[in-house]
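Everything numeric in this text was worked out from a predicted model, so none of it was measured.
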Amino acid sequence: MKLNTMEPNPTWGPAGYEDAVEALGRAGLTFKVWGGDWCKDCRQQLPDFAAALREAGVPREHIEQFPVEKEEDGSKTGPQVEEYDIEFIPTIVVEKDGSEVARYVEDESIPAAAYLGERLEEAEQTA
């Protein structure tokens, strides 16, 4: 399954995101992205994130996309939603060797690429 919102923004550029792009491109990372093409936040945030992944040279097979639907009560349903405790979208989980090393959830104050870049830098320093 694929999210249309994960098509890279063709006008996005790496200026100001060099450190984040470098961190996203580290070997051994897998990106799991939950979103919905119907979701305003996903339409705003995911194309730029996808462009950053492309710039970082992340292989497509290291990016897993999970389309999510919203139920009448506001809960989310879709692949692995319960296993990963997905409440808000977009949510992006970064894993290395099958373990979660960073998570971005919809309402962070900075873009997903920058936020995850910072978390990956922190994880690298504490490893």
Open item on the list: Looking at D19, I'd like to know if its CG atom is crowded, meaning that more than 12 non-hydrogen atoms belonging to other residues, nucleotides or ligands lie closer than 6.0 Å.
Closed with: no
TODO: Look at atom CD of E61 and say whether more than 12 heavy atoms of other residues, nucleotides or ligands are closer to it than 6.0 Å.
DONE: yes
Could you pull out the closest heavy-atom pair between [X] and [Y], with the gap in Å?
{"X": "I86", "Y": "K76", "result": "O-CB, 4.3 Å"}
{"X": "C42", "Y": "G35", "result": "SG-CA, 3.6 Å"}
{"X": "A113", "Y": "A20", "result": "O-CB, 3.4 Å"}
{"X": "E7", "Y": "A50", "result": "C-CB, 4.1 Å"}
{"X": "E64", "Y": "T30", "result": "OE2-CG2, 3.6 Å"}
{"X": "T77", "Y": "E71", "result": "OG1-OE2, 2.9 Å"}

- [ ] Would you mind checking if E108 and R103 are paired as a salt bridge, meaning a charged N to carboxylate O distance below 4.0 Å?
- [x] no
Task: Y84 OH to E95 CD distance, which is reported to the nearest 0.5 Å - done: 3.5 Å
TODO: Supply the atom-to-atom distance E55 CD to W12 CH2, rounded to the nearest 0.5 angstrom.
DONE: 6.0 Å
- [ ] Show which residues join V101 in its hydrophobic cluster (side-chain heavy-atom contacts under 4.5 Å, direct or indirect), or state none.
- [x] L3, M6, L24, L29, F31, V33, L46, F49, L53, V58, I63, I92, V94, Y104, I110, Y115, L116, L120
Task: D41 side chain reached by P90 side chain, heavy atoms, under 4.5 Å - done: yes
Open item on the list: Pair E121, R26 - check salt bridge (Lys or Arg N to Asp or Glu O under 4.0 Å), show working.
Closed with: CA-CA 10 Å; E121 285 292 327; R26 290 201 179 109; 2.7 Å; yes
Task: Audit row: S99, D97, side chain to side chain donor-acceptor pair (under 3.5 Å) steps and yes/no - done: CA-CA 6 Å; S99 295; D97 300 324; over 6 Å; no
